[in-house]
2 protein chains.
Amino acid sequence: MQSKPTTIKEIAKILNISPSSVSRGLHDHPSIGAVTRDKIKQLAKSLNYEPNKAAILFQKGKTYTIGVILPELSEHFFSIAISAIEDEAIKKNYTVIFAQSHDRYEQEVKLVEKMKNQRVDGLLVSISKDTSNFDHFETLNSFNIPVVFFDRIPPFKNVHYVACSLETATVKAVTYLLRKGHRSIGMINGPNTLYASDERKDGYKLAITSNRLKFDPSLILNCDLTEQGTIDAAEKFLNHKRKPTAIVAFNDYVALFLIKYLKKLDIIHNFDIVSYANLPIIGYLDHSPIASVEQYPYLQGQKATNILLDLIHSPNVKHQAYYNTIVDADLIINDVRG
Amino acid sequence: MQSKPTTIKEIAKILNISPSSVSRGLHDHPSIGAVTRDKIKQLAKSLNYEPNKAAILFQKGKTYTIGVILPELSEHFFSIAISAIEDEAIKKNYTVIFAQSHDRYEQEVKLVEKMKNQRVDGLLVSISKDTSNFDHFETLNSFNIPVVFFDRIPPFKNVHYVACSLETATVKAVTYLLRKGHRSIGMINGPNTLYASDERKDGYKLAITSNRLKFDPSLILNCDLTEQGTIDAAEKFLNHKRKPTAIVAFNDYVALFLIKYLKKLDIIHNFDIVSYANLPIIGYLDHSPIASVEQYPYLQGQKATNILLDLIHSPNVKHQAYYNTIVDADLIINDVRG
DNA sequence: AAAAACAACGCAAACGTTTGATTAATTTTG
DNA sequence: CAAAATTAATCAAACGTTTGCGTTGTTTTT
């Protein structure tokens, strides 16, 4: 009893007109009579006609689909971002397909290929941790598939991207700690492959030097963002000749690992920690960061999607201008301490 | 300079053979010579040929796409689940498209329609809070689109589903509290439209009665799962003639609202709270539930996806047997208290 | 040596929709 | 009233791939 979906052809046959007329009728094409148009629409509705999207996509060479590649959907930041992407896409009648790179470069390369095969109309990408080569995105260029990077973006400007000004945010964060009287501030930074790491570093430097203090590079440690990596960094700080009294953590996960470790050593009260917001309930922690950089994932997702849709709809001319959108990050002070 | 993707036709023309031969060559069809097959494959590779998926989908009437409809992607449980779904789907070369009902029935109905239009090969659904009518899924039946429900499932058995035995889990939870000496245990339950609410209620009853205690229905309160709803329920418990000493919260969000409220009143220490796991770091809370029901979202997502793919690949016969898969939930005791 | 079997390929239709070109019917215009 | 313009509809091709069937030419079987 499997009923096949109604087609334009069937409607045409019943009404004794041509399929093209039906198509035009359904699309309010000017060269169709009002009477037949109404008859077509009425019958279509009563037969529960649904356009066969596969056929349309095939015919038009467009898929009305945007692809999203991100490192890890279970990370709160990305789940919020893709939630925004879907909300925004559905408004414009686009469908979202997504895939996770699981922070692996090779997987990312494969997924870009896959998305290309799927003929997505555009691609939204947050690059993986260990992506330093960006050739796989070049291909998309020649196929005229626009790409907008968000949050985790490549370290150059000649691409479209939406990201936070983490530099500015970091300046705010470090300045806040300086105002609180801290004179030795450690930073557990991410890997150097990430542009986000550069920004944090630059912000740190800028905050220090513009307060006429001397910048000590050994107070910035790189970290692979794992728990062990965080512990290693923390240990180095504990043995540092200028043992920091405050630490800027790369993100809430690092902050969490750090807090866990410092709690275990029972020295958590000797430190003020500032982090970058990833987790929704970090503020409810026993010992939580005293301030957090809010990166507005929903807003980033929204903006990236709108830019992408804009590029999709814009004429095929090579853009020489790139969207380099910066979403302001804010420092959220977490007054209530546990 | 926008290069169009290579097609089978072009390959055929270059090799002076027919498109059908090229197609067969690429698919290792038996009735094609080994020599030409290799020539075809070689040329295809060198021309960077990628099959036009839209065309194939159209031709075959299959999309190799599964749709996922869930209430809210930013909820941790669902972000984990869909992460599993995608991981599982990509293994079998399926693509995932998803959409959020935002817990609204009307939206869910629309999305089911949309998914049907998209001609998904199958659908994975976690139903919205206020869905009590399930007609919109009936349509899919006649179109032979299998549906597997997961986690939030309809209150009847003649559908495919994967869910937790929340009844069993609740028995475990309440029994645990009874063993700890609690004699008045409150439950902040969800809305009655959810099957999950029934299960919790049944589990509660079962635990109480099988311990030869009398069941007091007024100790189970329904809640709309909002912060205010939680507070309302909490207030009722505080004014209850048998004021509970332990509370079973519908989920971590409710627990969070509850803890916040009880902390504000500074009576948090008078209560033991048990919850159902939604949030990754609930254990790090200042005051956290003493135990948590783990529902294994990743596992549920995996199983649901595999069942769906199974149904997709199984012959079109009407199944009279339904997959009713129960994933065991575990009670995780949270020994370390803040 | 004739008949049968097989291997390797081509032909053409099909999937559902859109769209430029065309025709037929009607109305307007000088 | 014939010619031109307008309206309303049809025709046919196209999008890329797959697949049942038919057609060769070659090899094996009797």
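Numbers restart at 1 for each chain; the letters A, B, ... are given by sequence-line order, proteins then strands. Basis for what follows: all heavy atoms, side chains included, without hydrogens, waters or symmetry-related copies. On a predicted model such as this, the values are computed, not experimentally measured, just so you know.
- Computed from coordinates, the A:K9 NZ to D:dC11 C1' distance equals 14 Å when rounded to whole Å.
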Could you list all N or O pairs between the protein and nucleotides 26-28 of chain D that sit under 3.5 Å apart?
none

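- Classification of the A:H160-A:Y322 ring pair by plane angle, with boundaries at 30° and 60°, yields tilted.
- Between the axis at the start and the axis at the end of the helix from C:dA1-D:dT30 to C:dG30-D:dC1 there is an angle of 50°, using five pairs per end and rounding to 10 degrees.
- With sequence neighbours left out, the salt bridge (charged side-chain N to carboxylate O under 4.0 Å, His left out) criterion links B:E113 to B:K116.
- For A:Y49, there are no ring-ring contact (aromatic ring centres under 6.0 Å, His included) partners at least two apart in sequence or on another chain.
- Atom CG in A:N16 sits roughly 13 Å away from atom C1' in D:dA9 (whole-Å rounding).
- Minimum interatomic distance between B:L123 and B:V68 (heavy atoms only, all atoms of both residues): CD1-N, 4.2 Å.
- Taking the six-membered ring for Trp, A:Y161 and A:F150 have ring centres at least 6.0 Å apart.
- On the nucleic acid side, DNA chain C contacts chain B at distances under 4.0 Å to non-hydrogen atoms, with the end points of that region at C:dA8 to C:dG16.
- Nearest approach of B:A12 to B:S18, heavy atoms of both residues: CB-C, 3.8 Å.
- Nucleotides of DNA chain C nearest to A:S21 and B:I17 differ in position, and the one nearer the 5' end is that of B:I17.
- Note on A:K91 versus A:E88: salt bridge recorded, some NZ/NE/NH1/NH2 to OD/OE distance being below 4.0 Å.
- Remark: the backbone N or O of A:S126 is not paired with any side-chain donor or acceptor of A:R152 at under 3.5 angstrom.
- For B:D38, there are no side chain to side chain contact (heavy atoms under 4.5 Å, CB included) partners, not counting sequence neighbours.
- In terms of the ring-ring contact (aromatic ring centres under 6.0 Å, His included) criterion, residue partners of B:F58 (sequence neighbours excluded) are, by chain and number, A:F58.
- Listed by first then second residue, pairs satisfying salt bridge (Lys or Arg N to Asp or Glu O under 4.0 Å) with a partner in residues 41-54 of chain A read A:D28-A:K41, not counting sequence neighbours.
- In terms of the ring-ring contact (aromatic ring centres under 6.0 Å, His included) criterion, residue partners of B:F134 (sequence neighbours excluded) are, by chain and number, B:F156.
- Within residues 42-66 of chain A, the residues that place at least one heavy atom under 4.0 Å from DNA chain D are, in residue-number order, A:F58, A:Q59.
- Non-hydrogen atoms lying under 4.0 Å from DNA chain D are contributed by A:S31, A:I32, A:G33, all within residues 26-33 of chain A.
- Here B:S23 reaches the OP1 or OP2 of D:dT18: one of its side-chain N or O atoms lies under 4.0 Å away.
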Let's go through A:K92 and A:D310 carefully: what are the C-alpha distance in whole Å and the side-chain angles of both, what is the deciding distance for salt bridge (charged side-chain N to carboxylate O under 4.0 Å, His left out) to 0.1 Å, and is it a yes or a no? CA-CA 11 Å; A:K92 311 278 171 58; A:D310 210 62; over 6 Å; no
As a quick check of understanding, evaluate salt bridge (charged side-chain N to carboxylate O under 4.0 Å, His left out) for B:K60 and B:D121, giving each step before the final call. CA-CA 12 Å; B:K60 294 206 159 188; B:D121 290 344; over 6 Å; no
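- The salt bridge (charged side-chain N to carboxylate O under 4.0 Å, His left out) check on A:R119 picks up nothing, with sequence neighbours excluded.
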